[in-house]
Amino acid sequence: MTASLKKWLPIAVAFATGVFFAIQYYIPRPFTDELLSDLSVWFRIISAFAMGLGIISLFHLHYYKIKRQAPAWGFSIVVFLSLFGMIAVGLWCLGVEKNTDTGKMTAYGWLYKSLQSPLQSTMFSILAFYIASAAFRAFRAKTREATILLIAALIVMFGRAPMGEWLWQQAVPTFSVFGVTLPPTIGQLTGWIMKVPNMAAQGGISLGICLGSIAMSLKIIFGIERAYMGGSK
Amino acid sequence: MDTVLLGGWIAAGLTLFMYSFLYKDNPFFRFGEHLYLGISVGYGVVRVIFSNFINDLYAPLVYDHDFILIIPALLGLSLYTRYFQKLAWISRVTFAFIVGLGAGLNIPRIIDGGFFKQLEGIIAPVLSETWNFGFANFNSALIIIGVCSVLVYFLFSVEHKGAVNVISRVGIYFVMIAFGASFGYTVMGRISLLIGRSYDLIEFSKPEYYYASIVLLVLIILVLAFYEMYIKKQDKQQVTQ
Amino acid sequence: MSYKGLIINFLFLLIACSTVLAQETPALVAPQEFTAFDTPNDSGTSISLTWKTSKENDREGVFYVISAATKTDGAWVELGRSLATLGLKTDAPQYFGLSDENKSWHFFEVNCPIKEVTDCFTSTVYFKLAVTDGANSIEFPTIASAVPQGNWFDASKAYVLIFVIMFSFLIMFFISIARKNPNLFIRHIPGLDAIEETIGRATEMGKPILYVNGLLGMDSLSTIAATSILGKVARKVANYDSQIQVPCYDPIVMSVCQEVVKEAYVEAGRPDAFKEDNIFFISNDQFAYAAAVEGMMMRHKPAANLYMGYYFAEALLLAETGAAIGAMQIAGTDSITQLPFFITTCDYTLMGEELYAASAYLSREPLQLGSLKGQDISKGFIIVMLILGTALTTGGIAFLLNLFKTF
Amino acid sequence: MSSFIQKFTGMDRRIIYVLISLAVIIPLLLPLNLPVGVTSEVKAVYDTIDNLPERSVLFLAMDFDPASRPELYPMAEAILHHAFRKNLRVIGMTFWVTGTGLGEQVMVDVAKEYGKEYGKDYLYLGWKAGDFALVIGMGEKGFAATYPQDHYGRDTANMPVLDNVKTLKDIGYLVELAAGSTIGTWYYYGKQKYKFKMGGGCTGVMAASWYNLMKIDWINGFLGGLRGAAEYEMLINRKAVAVRGMDPQSVAHMLIITLIVFSNIVYFATGANKKIGAGK
């Protein structure tokens with residue numbers, strides 16, 4: 001009994017929730033919309049509980065690093081100090097970042113603004129360096145595909161920079177045929193690439209993704225895809 | 001020391017710590033990385049406690065007697081059955097709920113907003129009303145060709161030989177133009193981020209902040225140089241774990 | 001007053017009169033066929049009013065005035081004025097479709113609750129229509145009424161349901177075929193063929209494999225696809241007696257991954273080799289996660305990095321660091337914005353739908369292959385529809401295009 | 001010679017990093033002031049706002065966080081300047097809890113310049129948990145019912161800024177400034193059902209796919225990245241942060257282009273392509 005329950009209960013739950021919320025879309029009743037709103041609360045409650053799993057995992061990892069005095073275990077102490085420090089300050093400030101009456105930032109808000117925010121922005125901005133080195137390394141006209149990739153990238157980079165537009169204007173003479181000015185400006189060319197070939201590829205890829213993800217949804221609802229329950233058996 | 005000044009020094013310092021990774025992995029970066037890890041998880045925990053636990057669960061349960069919320073709470077708690085081998089299967093019910101929910105919500109919305117909208121956007125006349133072939137018509141024709149050939153590339157159960165191969169190659173060329181273009185377009189976005197950081201660093205190098213950025217930059221470079229010399233003397237194995 | 005002045009005055013009067021005469025426009029006529037009805041396909045919060053357009057009324061400066069009451073002899077409240085040149089049925093194809101008829105009907109939607117009249121759920125509301133050009137006003141003789149009702153099925157979305165049913169049948173059909181004939185052809189996907197080689201290489205080098213599951217939660221289909229691939233990869237890793245590390249962004253995804261990898265080790269007959277600590281949570285802050293994984297890569301120097309699932313800006317942060325340490329990299333994502341960066345930094349990239357096809361490809365289970373075949377048939381169908389639709393639209397027949405119109 | 005190629009093509013990436021930093025910092029300190037051309041997708045957003053009748057409502061969803069501030073904040077600034085000049089009412093909110101402060105800052109700062117009054121001319125709803133449920137709420141029940149209190153905890157029910165605008169159906173235009181995938185929430189749970197006009201602004205990386213969204217009519221126009229913001233600044237004739245940022249952009253773009261072109265010239269001129277062989 002339990003063996004089959006173990007197997008079928010999750011599949012039944014996935015089926016029921018899946019079918020219900022797929023059908024909800026077709027029922028124009030206020031209560032179904034309310035249900036959908038309530039559900040987002042359910043979802044937040046579940047993920048709140050799940051956060052505990054994350055903390056346990058993190059704690060476990062760094063606790064053992066310190067205990068075993070693994071190489072560079074000192075940094076694990078940094079994790080603990082900053083983690084518990086932040087939690088303590090946050091609790092003390094009741095999770096409020098800015099006092100809306102006085103407009104003053106609390107200690108919790110201050111920690112976010114002067115520690116987490118610059119760290120976040122800096123990690124993000126490292127992409128400026130990486131995108132340059134990736135372009136330098138990867139954009140070699142080795143194959144036909146690579147060449148196309150390279151040329152499209154060069155045109156768009158040129159066309160989106162005001163200096164590129166200006167240089168193009170200076171360097172490329174224009175003439176008029178049947179009232180049409182030729183050649184197009186680099187900005188127009190960029191716009192055309194974005195709006196025509198780019199759009200075609202985006203359209204094709206996203207249609208494929210739509211089909212793939214609808215099929216995946218159906219497989220989940222019908223219990224064909226069970227990987228999320230740990231294996232197909 | 002007032003908090004603005006302190007905040008400036010900390011922000012400038014942490015920014016430079018993280019950038020030092022571009023040179024190589026080093027203790028400054030590792031400190032920044034682990035600090036960031038702890039702070040970010042701590043921030044998340046506090047948010048979860050106040051907004052999810054108290055606002056979404058505790059308050060409605062205690063004040064509004066919204067007892068239906070016990071169900072998600074139980075689903076959430078059941079995640080912890082994983083730590084007991086006999087009960088571990090219960091956590092799968094929660095997984096199934098979340099996965100089923102995602103699947104159910106996605107089906108009609110993807111079909112309507114993604115699939116049909118997309119098809120509607122693609123179909124356009126390839127000849128004008130007076131049966132002329134203008135630039136706009138050329139573009140619509142090109143889009144149709146592009147979409148179809150990309151779709152042919154994604155055919156999995158057909159061998160890509162002969163005509164199918166040729167068409168799918170055309171599809172790949174379209175894809176490459178699109179990816180090259182979005183790569184080129186993104187360069188701008190990423191450089192903007194660096195500009196944003198630079199504004200801040202320039203701000204922090206002003207006299208009001210006692211030249212924080214510049215002082216810290218020099219200090220970090222000096223320490224890194226000494227660190228390099230120190231490592232060279234050590235056995236390499238010990239530091240590259 | 002001199003006679004001269006008299007003449008001038010007279011002339012002025014004449015001009016003034018003639019301008020008035022010239023501006024004399026057709027008189028207003030009473031609106032026709034005024035009806036009120038419950039708006040279809042909605043939650044019962046609106047009533048639709050329609051009436052015929054007319055040449056005499058539909059011009060600049062003329063308004064239709066709509067009033068409502070809960071009793072025929074009750075207090076009438078003016079709801080709104082609709083400019084006579086605006087407000088046609090064609091504005092609301094979600095209710096009335098795309099018929100040409102719609103051009104000759106006016107349409108006005110009354111949203112509930114109606115201020116100062118009623119909250120209107122399941123109670124009859126009466127409507128009066130008048131037309132005015134400021135000076136004159138003519139009322140439609142009869143009063144229209146309707147009861148707003150919630151509907152149980154949104155018929156305007158029926159096409160979505162039809163598509164789902166057709167698609168489900170298609171997939172079911174091919175699954176049943178695949179059951180009988182499990183050797184369905186499936187084309188090569190180089191990125192997936194390379195996984196085996198990658199694991200072998202990692203084993204030789206005695207280094208771990210890093211598997212990243214994307215940055216979305218378990219409710220995302222890309223994440224589900226990624227965990228499915230993780231199961232297949234973990235099984236191979238277990239066979240080779242290699243190591244796999246899975247840093248996670250979401251605690252629920254982490255738990256699922258632990259289950260999946262554990263099960264894979266059990267299936268491979270090596271449950272003892274499974275280490276739960278290898279699948280761990282990092283942070284739910286995007287860049288804290290990226291920084292930590294970058295640091296891990298620099299220190300542990302994994303032989304291979306696999307990125308499956310949905311990615312945001314961290315894609316290039318991870319993949320470029322991976323390239324710098326010389327790891328073999330395979331990515332698979334349906335995040336179109338990040339694909340260009342994986343293409344340029346990884347050895348192999350699964351694009352879009354290939355991510356969803358991967359678990360079928362790796363497992364070769366008939367159920368999965370069948371659904372893949374169903375997807376392919378749909379793609380063929382789309383191509384035909386697109387070409388046909390284009391041809392028809394070019395010929396001036398909008399039938400197929402209208403079929404795809406969403407409201 | 002071949003050793004030079006190896007040195008160049010295998011050039012230490014750290015040299016590139018130094019060049020990029022210089023390309024950004026030097027033009028920031030010594031501006032060039034190049035003109036910025038305006039594209040049709042930005043013009044579409046500008047025109048929509050420009051043609052809104054006075055006192056109609058512009059809904060500004062500022063779904064970004066401090067990390068994306070460099071690209072999206074200037075957009076919010078420029079659009080708000082335009083809206084307040086045109087005497088529109090503005091309702092602001094955010095789905096990103098970490099961006100709550102940014103949204104408040106930009107609204108208050110710009111409103112102050114035009115002497116606009118809080119609660120009458122503009123309203124900031126701030127952040128609230130609920131995600132798509134909030135969109136459904138604002139569409140079905142209305143703003144005041146979904147957000148009984150604004151960002152400052154004041155009651156929204158009787159604010160003049162909400163006169164005659166109860167739900168999302170009544171707004172003039174919704175502008176979504178997105179650093180992530182929130183546009184889907186606005187479309188699937190909002191526009192698809194309540195049929196309001198929508199435009200937006202996005203980070204550079206998302207722009208390529210937003211052209212597609214424009215084609216399939218999710219939005220009628222958008223501002224793509226910092227360049228989009230700069231174009232908007234040109235349109236409203238108020239050159240600020242974004243236009244200033246175009247100089248370092250230009251130099252960095254040219255640097256990367258030069259690097260790519262040069263590396264390809266070296267690659268072909270020396271026949272390295274033949275030795276290494278094609279293929280990925």
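In the text below, chain A, chain B and the rest are named by the order of the sequence lines, each starting its count at 1. Both backbone and side-chain heavy atoms feed into the values below; hydrogens, waters and symmetry mates do not. Bear in mind that the values here come from a model prediction, so they are computed numbers and not experimental data.
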Is the closest side-chain heavy-atom distance between C/L386 and B/C148 below 4.5 Å? yes
When only pairs under 4.5 Å are counted, which of C/M218, C/H188, C/M351 shares the most heavy-atom pairs with chain B? C/M351
Looking only at C/K373, C/E276, C/E354, the option with the highest number of non-hydrogen pairs under 4.5 Å against chain B is C/E354
Tightest non-hydrogen contact, residues C/A291 and B/M18, listed as CB-CE, 4.1 Å
Are B/R82 and C/E259 side-chain neighbours, meaning at least one heavy-atom pair lies under 4.5 Å? yes
Spacing of C/T337 atom OG1 and B/F179 atom CZ [to the nearest 0.5 Å]: 10.0 Å
For the CG atom of C/D219 and the CZ atom of B/F97, what is their distance to the nearest 0.5 Å? 10.5 Å
Tell me, for C/I382 versus chain B, whether the close heavy atoms (under 4.5 Å) come from the side chain, the backbone, both or neither. side chain
Under 4.5 Å between any side-chain heavy atoms of C/T344 and B/F183, yes or no? yes
For C/Q375, is it the side chain, the backbone, both, or neither that has a heavy atom closer than 4.5 Å to a heavy atom of chain B? neither
Does any heavy atom of chain C fall under 4.5 Å from the side chain of B/I172, the backbone, both, or neither of them? side chain
Please classify the contact of C/S255 with chain B as side chain, backbone, both or neither, using a heavy-atom distance under 4.5 Å. both
Measure B/I98 against the heavy atoms of chain C and call it side chain, backbone, both or neither at under 4.5 Å. both
Whatever's closer than 4.5 Å to a heavy atom in chain B on C/I189 counts as side chain
Against chain B, label C/F287 side chain, backbone, both or neither, depending on which of its atoms sit under 4.5 Å from a heavy atom there. both
Check each atom of C/I387 against the heavy atoms of chain B and say whether the ones under 4.5 Å are side chain, backbone, both or neither. side chain
Is chain C contacted by the side chain of B/S91, its backbone, both, or neither, given a heavy-atom distance below 4.5 Å? neither
B/G102, B/S157, B/G189: which one forms the most heavy-atom pairs within less than 4.5 Å of chain C? B/S157
Side chain / backbone / both / neither for B/I107 at chain C, heavy atoms under 4.5 Å: side chain
Rounded to the nearest 0.5 angstrom, the CZ-OG1 distance for B/F21 and C/T321 is 5.0 Å
Count the heavy-atom pairs under 4.5 Å between each of C/I252, C/L184, C/N284 and chain B, then report the option with the highest count. C/I252
Does any donor atom in the side chain of B/Y153 or C/E353 lie under 3.5 Å from an acceptor atom in the other side chain? no
Relative to chain B, which segment of C/T223 carries a heavy atom at a distance below 4.5 Å: side chain, backbone, both, or neither? neither
If you measure from CG on B/L155 to CG on C/L372, what distance do you get to the nearest 0.5 Å? 10.0 Å
Between atom CD1 of B/I111 and atom CD1 of C/I162, what is the distance when rounded to the nearest 0.5 Å? 11.5 Å
Any salt bridge between B/R190 and C/E320, counting N to O under 4.0 Å? no
Whether over 12 other heavy atoms sit under 6.0 Å from C/F381 CZ: no
Restricting to non-hydrogen atoms, name the atom on C/D376 and the atom on B/F154 that form the minimum distance, rounded to 0.1 Å. OD1-O, 3.8 Å
Between OG1 on residue C/T394 and CD1 on residue B/I123, distance to nearest 0.5 Å: 10.0 Å
For C/A313, is it the side chain, the backbone, both or neither that has a heavy atom under 4.5 Å from a heavy atom of chain B? both
Take the angle between the ring planes of C/Y159 and B/F116 and call it parallel below 30°, perpendicular above 60°, tilted in between. perpendicular
